[in-house]
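The structure appears right after this line, and notes come after that.
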Amino acid sequence: MVGTEWVRDAVLYQIYPQSFADGNGDGIGDFAGLTERLEYLQWLGVDAVWLNPCFASPFGDAGYDVADFLTTAPRYGAPEDLAKFTDAARRVGIRVLLDLVAGHTSDRHPWFVRSASDPADHRYVWADRPAPGFVASPGSRPGWYRPNFFDFQPALNFGYARTDPAEPWRQPVDAEGPRANRAALREIMAHWFGLGVSGFRVDMASSLVKDDPGFVETGRLWRGTRAWLDAHHPDRVILAEWGDPARSVPMGFHGDFFLQFGGPDDGAPLRSLWNNGAGTVHEQWPVEPCYFDAEGRGSMRRFLAEWERTERAAAGRGFAFLPTANHDFSRLATGPRTRGQLAAAFAFQLTWPAVPAIYYGDEIGMRFVPGLPDTEGSVLGPHYNRAGSRTPMQWDATPDAGFSSAPADRFYLPLDPSPDRPDVASQRADESSLLHHVRQLIALRRAHPALGPDAPLELLHSGYPLAYLRGERHLVVVNPRRSPASLPVERDLPGRLLYGQGVSLTHSVLRAEGFSYGIFVR
């Protein structure tokens with residue numbers, strides 16, 4: 001991983017660009033707003049940001065329906081505005097990653113428009129008769145195409161791992177169309193590398209090769225991409241949206257995220273940490289208490305089992321990213337979870353040996369806002385409206401929250417209507433705030449490498465409180481429940497409090513008040 005060692009110590013900050021900062025007053029966030037708020041990101045201490053898709057798009061799926069991979073959506077600004085942001089960010093030590101929608105395009109992409117009128121074009125998956133999940137051709141070409149997610153997102157043809165003469169649309173992975181698409185991926189990445197981008201988070205990274213048991217051909221595709229990166233762009237990275245670091249990292253990715261889906265337990269490990277059932281919820285998810293629950297009814301079992309599996313598979317090859325939330329999943333401050341409970345969650349996230357990913361606004365305790373209208377495909381089910389995690393960043397206590405000078409009815413999404421909604425300016429002025437807590441934890445992580453991804457982890461207790469050693473000199477204790485918790489001390493532990501609140505340690509007992517955390521050093 002020579003050239004990409006920066007990933008090891010990164011603190012990633014995810015930005016949903018249309019909701020972060022509006023620089024031109026049209027009610028939608030943009031590159032100018034990002035550049036204006038760069039000082040905040042530097043002050044917070046993050047050193048990498050990931051932007052959700054900002055390519056040209058009709059925005060049926062919030063930009064994940066790409067109409068042109070080589071230019072930006074006008075609502076964000078021109079490509080040179082993005083380059084200005086990446087350059088300014090690099091000068092203050094912050095790398096910028098974009099979102100690469102590798103497996104599909106918009107049905108308005110010129111590639112698809114051409115393919116829908118040319119039976120000889122094989123850039124997409126076309127069937128000559130109705131097939132399950134396929135959609136009728138919108139053009140003069142007879143047949144049906146395979147979508148990847150929404151019907152307006154036709155799947156790019158990267159081939160099938162298993163072909164079948166009875167289904168001639170199952171082209172092999174080395175057919176002309178798949179070869180052209182693999183080449184296009186590299187052209188797209190190289191284009192944006194030339195404008196200062198440091199890497200990509202790859203959307204739906206497991207979806208490219210179809211009918212691929214064990215992801216054998218998918219792995220071959222991504223390992224080939226990684227070899228190309230290492231040879232030609234050795235300081236650039238690719239991160240997977242796979243939700244299974246134990247599988248995706250050995251396939252060539254520099255990292256992957258624990259997600260609300262993916263892996264052998266369909267995202268249950270991450271949900272078992274944060275999901276309290278009050279935000280984005282799929283009907284098929286079992287109703288189970290999460291560990292970071294005020295009543296203390298949850299368990300770390302699922303997460304720890306998956307963490308151990310990931311460590312075995314990915315060690316030395318890449319990293320697992322542990323997010324607070326994302327644009328598709330509930331924020332930390334959802335439902336009954338108050339901002340006062342979040343300090344313990346961040347103490348865990350920023351001292352666990354993963355790469356932390358902070359979703360914009362979580363550092364001030366922005367809440368998931370229920371009941372919003374379906375916006376750019378945000379609603380996926382009766383209880384799964386992603387808009388609740390996508391509301392405008394709250395910069396100050398003014399009526400527009402410092403997000404935009406546009407009238408409120410032109411905002412991309414409504415602001416959190418709570419009269420006590422948190423904001424950056426108020427919390428920057430209050431050294432006891434959640435924002436200062438997160439900033440301090442990031443600084444501690446930088447100052448004490450044993451709190452990062454490399455130092456050994458020894459779990460002392462997985463119930464309440466959670467207690468673990470990082471290396472030989474650091475002890476972390478987290479109690480996210482309302483009730484106090486205690487542990488007998490049966491060995492010599494690091495006993496000097498480095499940072500914390502509500503945790504005390506003597507030679508015989510460790511006590512943790514409700515919603516407490518402590519980092520001790522020897």
Side-chain angles (χ1 to χ4, degrees), residues 7-17 19-20 41 44-52 97-99 199-205 237-246 248-249 253-263 265-276 279-281 285 290-292 300 302-303 306-307 310 314 318-334 337 342 344-368 386 388-390 393 434 438 441-442 445 452-453 478 480:
V7 179
R8 179 184 306 276
D9 299 313
V11 175
L12 181 66
Y13 189 87
Q14 181 190 347
I15 293 175
Y16 196 66
S19 293
F20 194 65
L41 299 175
L44 182 59
V46 301
D47 52 9
V49 298
W50 151 37
L51 307 181
N52 286 100
L97 285 75
L98 299 185
D99 212 317
F200 291 90
R201 174 266 196 188
V202 181
D203 179 65
M204 295 179 65
V237 301
I238 48 173
L239 310 178
E241 185 206 28
W242 198 306
D244 190 359
S248 59
V249 168
F253 287 94
H254 295 85
D256 185 13
F257 298 80
F258 285 107
L259 295 172
Q260 69 277 12
F261 66 90
D265 288 331
D266 189 30
L270 183 73
R271 298 199 310 271
S272 73
L273 294 178
W274 312 134
N275 182 39
N276 60 14
T280 47
V281 177
W285 290 349
C290 61
Y291 181 78
F292 284 83
M300 290 289 288
R302 285 184 182 272
F303 176 78
E306 186 59 22
W307 176 258
T310 296
F319 303 96
F321 283 67
L322 179 59
T324 58
N326 61 54
H327 60 292
D328 291 332
F329 187 49
S330 312
R331 288 186 174 277
L332 286 182
T334 292
R337 186 180 293 127
L342 302 186
F346 274 106
F348 161 71
Q349 191 227 11
L350 286 162
T351 60
W352 192 258
V355 179
I358 300 171
Y359 186 54
Y360 84 97
D362 278 357
E363 74 276 14
I364 60 171
M366 277 180 60
R367 75 179 186 114
F368 177 89
R386 301 177 290 175
S389 292
R390 301 175 175 184
M393 182 67 171
L434 178 65
V438 174
L441 285 168
I442 293 172
R445 187 180 176 92
V478 175

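Remember, it's a predicted structure, so these values are computed and weren't measured experimentally.
Annotation: the span from Leu41 atom CG to Ile15 atom CD1 amounts to 5.0 Å, rounded to 0.5 Å. Note that OG of Ser389 is 10.0 Å distant from NE2 of His327, once rounded to the nearest 0.5 Å.
For Ser330, the side chain to side chain donor-acceptor pair (under 3.5 Å) test picks out Thr280, with sequence neighbours left out. Taking Asp256 as the reference, nothing meets the salt bridge (charged side-chain N to carboxylate O under 4.0 Å, His left out) condition, with sequence neighbours excluded. Take Pro323 and apply the side chain to side chain contact (heavy atoms under 4.5 Å, CB included) test, not counting sequence neighbours, and it matches Phe258, Leu270, Ala357. Partners of Phe257 according to the ring pair (Phe, Tyr, Trp, His ring centres under 6.0 Å) rule, which considers only residues two or more places apart in sequence or in another chain, are Trp50, Phe321. Every side chain to side chain donor-acceptor pair (under 3.5 Å) that Glu241 has, sequence neighbours left out, goes to Arg201. Take Asp265 and apply the side chain to side chain donor-acceptor pair (under 3.5 Å) test, not counting sequence neighbours, and it matches no residue. Every ring pair (Phe, Tyr, Trp, His ring centres under 6.0 Å) that Phe292 has, sequence neighbours left out, goes to Trp274, Phe348. A search for salt bridge (charged side-chain N to carboxylate O under 4.0 Å, His left out) contacts involving Asp47 returns Arg446, not counting sequence neighbours. Not counting sequence neighbours, the partners of Phe20 by the ring pair (Phe, Tyr, Trp, His ring centres under 6.0 Å) test are Trp395. With sequence neighbours excluded, the residues satisfying side chain to side chain donor-acceptor pair (under 3.5 Å) with Thr351 are Tyr468. For Trp307, the ring pair (Phe, Tyr, Trp, His ring centres under 6.0 Å) partners at least two apart in sequence or on another chain are Trp352.
Using a 4.5 Å cut-off on side-chain heavy atoms (C-beta onward), Arg302 and Cys290 make no contact. Annotation: side chain of Tyr359 is in contact with side chain of Tyr16 (closest heavy-atom distance under 4.5 Å).
Using modelled atom types, no side-chain atom of Arg337 and backbone atom of Arg367 make a donor-acceptor pair closer than 3.5 Å. Looking at Ser272, its side chain does come within 3.5 Å of a backbone N or O of Pro269 through a donor-acceptor pair. Not one N or O on the side chain of Tyr360 forms a donor-acceptor pair closer than 3.5 Å with the backbone of Ser19. Distance alone, capped at 3.5 Å, is enough to place a donor-acceptor pair between the His254 side chain and the Ile238 backbone. With hydrogens and angles disregarded, no donor-acceptor distance shorter than 3.5 Å links the side chain of Thr324 to the backbone of Ile358. Not one N or O on the side chain of Asp9 forms a donor-acceptor pair closer than 3.5 Å with the backbone of Gly452.
Among Asn326, Asn275, Asp266, the single residue meeting the side-chain hydrogen bond (donor to acceptor under 3.5 Å, both in side chains) criterion with Gln260 is Asn326.
Nearest heavy atoms, Ala314 versus Pro245: CB-O, 4.3 Å. The shortest non-hydrogen separation linking Tyr13 to Gly361 is OH-N, 3.5 Å. Considering every non-hydrogen atom in both Ala333 and Gly365, the closest pair reads CB-O, 3.7 Å. Taking each heavy atom of Ala240 and Ala205 in turn, the nearest pair found is CB-CB, 4.1 Å.
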Can you list the steps and then say if Phe303 with Tyr291 is a side chain to side chain contact (heavy atoms under 4.5 Å, CB included)?
CA-CA 10 Å; Phe303 176 78; Tyr291 181 78; over 6 Å; no
Could you walk me through whether Leu332 and Met366 pass the side chain to side chain contact (heavy atoms under 4.5 Å, CB included) test, one step at a time?
CA-CA 8 Å; Leu332 286 182; Met366 277 180 60; over 6 Å; no
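Applying the salt bridge (Lys or Arg N to Asp or Glu O under 4.0 Å) test to every pair with at least one member in residues 347-362, sequence neighbours left out, gives these pairs: Arg331-Asp362.
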